[in-house]
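Comments concern the structure below.
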Amino acid sequence: MSLFESTNTLFAELLLPVPIPKLFTYRVPQDYNDYIKIGQRAIVPFGERKVVTGVITHLHSNPPKDYEAKYILELLDEERVVSDIQFRFFQWIADYYCCTPGEVLNAALPAGLKLSSESMVQLHPGFDWNESNFEFTQKEEILLKRLAQEPLTYTDISKMLGIKQVHGILKSLTKKEAIIVFEEIKDKYKPKTERRIRLSEAYVNNKQLEGLFELLGNKPKQEEVLLRYLQEVPILQDKTLNKQGISRATLLQTDLSESSLSTLIKNNILEEFEIHISRFDSTTTNEKQEIVLSEEQLQAEQSILTAFEKQSTVLLHGITGSGKTEIYINLVQKALADGSQVLLLLPEIALTTQIVQRLKKVFGGVMGIYHSRFTDNERVEVWKNILNGTFKFVVGVRSSIFLPFENLGLVIIDEEHDSSYKQHEPAPRYHARDSAIYLAQLHHAKVLLGSATPGIETYFQTEQNKYALVRLDKRYAEAQLPTIIISNLQEEQQRKTNKGEFSGLLIRKMEEALAAKEQVIIFQNRRGYSPSISCEDCHWIPKCVNCAVSLTYHQYRHALICHYCGYKESMPDQCPTCTSKRIKTIGYGTEKLEEELNLHFPDSTVQRMDLDTTRSKSSYENIIEQFEKGETNILVGTQMLTKGLDFDNVSLVGIFNADRMLHFPDFRSYERAFQLITQVSGRAGRRKKTGEVIIQTSQAEHPVLNYILNHDYLGFYRAELNERHQHIYPPYSRLIELTVKHIDKKICRQASSELAESIRGTITDIQVLGPGEPMISKIRNQYLMSILVKVARGNQQLAQIKKSIQSEIDRLNKVKEFRAVRFIIDVDPI
Ligand code: ADP
Ligand code: ZN
Ligand code: ZN
């Protein structure tokens, strides 16, 4: 910082990952004056004995007025890791979604970039007392001996050594490669390394080598190692090859002696060194896939580019199977060629699949993947690779909007209607699509939203001319949209043509498809065996002890499980109230469906895809791969099935129960049902043969089903918009949902009434509904009440209204009896 004389006393404002809405001032040790920069991370003391990692947002020379600033303990970066644009973006998210910038920072930084007093210190896995070339102080020795037994936290270490500031000693030991610091549970970032071997520089010429072999003449084992080296790394032909050497493992393979290698290294004939290797396969594939767009795709792409000249956001409304991905690929290539960075957002689950493989083939090493199933190390590596310019294109889940982009040119949000873009818990409760649109604005970047079933609010924006609209109404390569057939369960039950909960029609169609060696997908949006069980004699239904919900029966685990808190109890043999043994299951979850399908189709292979079968890292991919290869005939699953899967041979999709989706008590239930059913249906008939979809329902005449049947998005949109207008729901209003939580029901109710009342009393021009009990009124022993605030579209006071709500909450939180009450603000809830 040339701005400041290096003898000046500098102060830094830090953004800390804590839920306190302000910056914190620290004093900069003078050693740091010359290279401290905004955007670097620093470790600072926080509270009594804690340390946290924060990010420097400002530098100045004004000491704080009313307290003595503590010193920064350590700078963690040489270059900045958070940019100005990111700071502005974090602040916007905090303001818009009513949380603190610290909470945003906490969500943004991978744990590996945030050491704290919760950080654990452990011995470096490669550390060996006897081999270390370093000297250790007495304190260091004490610590290392303790660490040899168990990892310790910063706080432990400070207590053990009786010193307040431990960063100095930890820094020194880190330099000596004796320890590493990592976040508990998640491991702290550690570059992945490879041990390599090369010939010492002194021997890299023919003459010296000859002498060497003479020297080793009576040591055949060492000679063998040396010969293998020369064979694998032909330095006699090209001396420069010696520099990169060979990996230790490749050199030794399984047959050469470790100890001979060690001796050669000890005698300075060979040398060992380490390189950092990427966790990601960075090979750019040479089989550059040339994509030839169809006539329609070309036109759509052209329209998008033309629209971008005038507008920054475009909605691509392209039916399922129309080939939106190929258009994305083309646009990404163009943006990259312009030197811009590109972000492609995908819903959570879609990321593990086919689309990513397709993109990887095209973009290879410049493409980074940011996924919630990644380890923290992998996330840190993506972060660093964006900073150092390796990754110019990131495909990621919602949290990838926080990555350190510097010049985004294009943001694509695929399946923009998907509700997994919204974060519910904890704060920031942001919507990644809406936030990405703001982020793009900061970068002067373009945004492409893609969907076959655009969100009502998104489509509305196109009608308001806020977004441009581009349509793609044809499936790629002459494929046709599937034929949708409503199967009336009530009617079948009267005629007794059904088989349990399966309509005769669905069974027959399945038999036909399977006989023709085609595949079938069955969709049921409920996991577990049955949503609940009940005593046939006294109607007892088991409830969760912590939440106001009934327990779901999981047969595989022979247990009753709460889907809200994870509470589990074993399945009773008899009714606990009347001792009857007649306990029946109510309703169908995917597990029961799987069982019944196995009974109905004993010659077919059935696989299930839901949260329970995909917990481990690669199980999801395995299920998809087996289905892709045709090893599975019937795939049954939850909404995981709806996300962008592309199979050749699926001719039939069954929607097991549409009723529940349509009757969910929420103003978005029709929209969601329309989207889910249309998206699952879209998995059928994506190639030559037209597919079929059977929707089982007892409401065959339901208008939403009718729109789905006719592939009539616009009709649906108009009807839905009309409903929303009548009840002033989005897009005609903005919603802010307030949830009040407390362990005591009375206090919870009281606090919520007072909050509603005070908001009604202080804020004008809004509508306040409630307080009322939400659908689930108790979760994890906390009682819940909710209040819904509606702010009319076009109300310019939105920001002020949020602030007023926040200050009413702050006021109530200070009232003695409400101190422990949690108030949660959810802006644009879904
Ligand atoms: P959407 O995401 O719109 O549902 P996809 O992008 O998955 O559709 O495309 C559907 C199928 O058509 C995919 O298998 C894709 O590989 C194929 N496809 C689409 N466009 C092309 C193209 N231009 N060239 C080759 N294959 C294409
Ligand atoms: Zn009973
Ligand atoms: Zn529970």
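Just follow the structure's listing: the first ligand is 1, and inside any ligand the first atom is 1.
Remark: ligand 1 and G321 share an N or O pair separated by less than 3.5 Å (distance only, no angle test).
Here is the list of ligand 1 atoms found below 4.0 Å of a heavy atom in G323: 1 (P), 3 (O), 5 (P), 6 (O), 8 (O), 9 (O), 19 (C). Of all atoms in ligand 1, listed by their number and element, those nearer than 4.0 Å to a heavy atom of L293 are 23 (N). Of all the atoms in ligand 1, the ones that sit under 4.0 Å from a non-hydrogen atom of S322 are 3 (O), 8 (O). Ligand 1 places these atoms under 4.0 Å from at least one heavy atom of V292: 22 (C), 23 (N), 24 (N). Counting the atoms of ligand 1 from 1 in the order shown, those under 4.0 Å from a heavy atom of T320 are 4 (O).
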Item checked: Check against side-chain hydrogen bond (donor to acceptor under 3.5 Å, both in side chains), D610 and T638 -> CA-CA 5 Å; D610 58 25; T638 56; 5.9 Å; no
Margin query: Let's go through D414 and Y328 carefully: what are the C-alpha distance in whole Å and the side-chain angles of both, what is the deciding distance for side-chain hydrogen bond (donor to acceptor under 3.5 Å, both in side chains) to 0.1 Å, and is it a yes or a no?
Written below: CA-CA 9 Å; D414 190 30; Y328 299 159; 2.6 Å; yes
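Checked for salt-bridge contact, K509 and E692 meet the test: a charged N lies under 4.0 Å from a carboxylate O. A salt bridge between E463 and R718 is present, with a side-chain N of the basic residue lying under 4.0 Å from a carboxylate O of the acidic one. Salt bridge E295/K474: absent, no basic N to carboxylate O contact under 4.0 Å. Taking a cutoff of 4.0 Å between a charged side-chain nitrogen and a carboxylate oxygen, E301 and K334 qualify as a salt bridge. Between R749 and D744 no salt bridge is recorded (no basic side-chain N to carboxylate O distance below 4.0 Å).
Proximity of a side-chain donor or acceptor of Q480 to a complementary backbone N or O of K689 within less than 3.5 Å is not detected.
Ring orientation note: the planes of Y529 and Y553 are nearly perpendicular, at an angle over 60° on the 30°/60° scale. The aromatic rings of F674 and F716 sit parallel to each other, their planes meeting at less than 30°, with 60° as the upper class boundary.
Proximity annotation for atom 26 (N) of ligand 1: of F647, Y328, Y476, Y476 comes nearest, heavy atoms only. Comparing E326, Q679, K324 against atom 16 (O) of ligand 1, the shortest heavy-atom distance belongs to E326.
Taking backbone and side chain together, C544 holds an N, O or S atom under 2.8 Å from the Zn ion (ligand 3). At a cut-off of 2.8 Å, C538 is counted among the residues with an N, O or S atom near the Zn ion (ligand 2).
Contacts between R475 and ligand 1 below 4.0 angstrom, taking non-hydrogen atoms only, are absent altogether. Residue-level proximity to ligand 1 for T325 is carried by backbone and side chain together, each with a heavy atom below 4.0 angstrom. When non-hydrogen atoms are compared, ligand 1 lies under 4.0 Å from the backbone of I319 (N, CA, C, O) but not from its side chain. Of all the heavy atoms of D414, none lies under 4.0 Å from any atom of ligand 1, so neither backbone nor side chain is involved.
Residue I327 places every heavy atom at 4.0 Å or more from ligand 1. Taking 4.0 Å as the cut-off, G318 does not count as a neighbour of ligand 1 on heavy-atom distance. The closest approach between a heavy atom of R358 and any atom of ligand 1 is below 4.0 Å.
Between S340 and D338, the side chains place no donor N or O within less than 3.5 Å of an acceptor N or O (distance only, hydrogens not considered).
Ring pair F627/F647: centre-to-centre distance below 6.0 Å.
Angle SG (C535) to the Zn ion (ligand 2) to SG (C578): 110°, rounded to 10°. The SG atom of C565 and the SG atom of C547 meet at the Zn ion (ligand 3) at an angle of about 110°, given to 10°.
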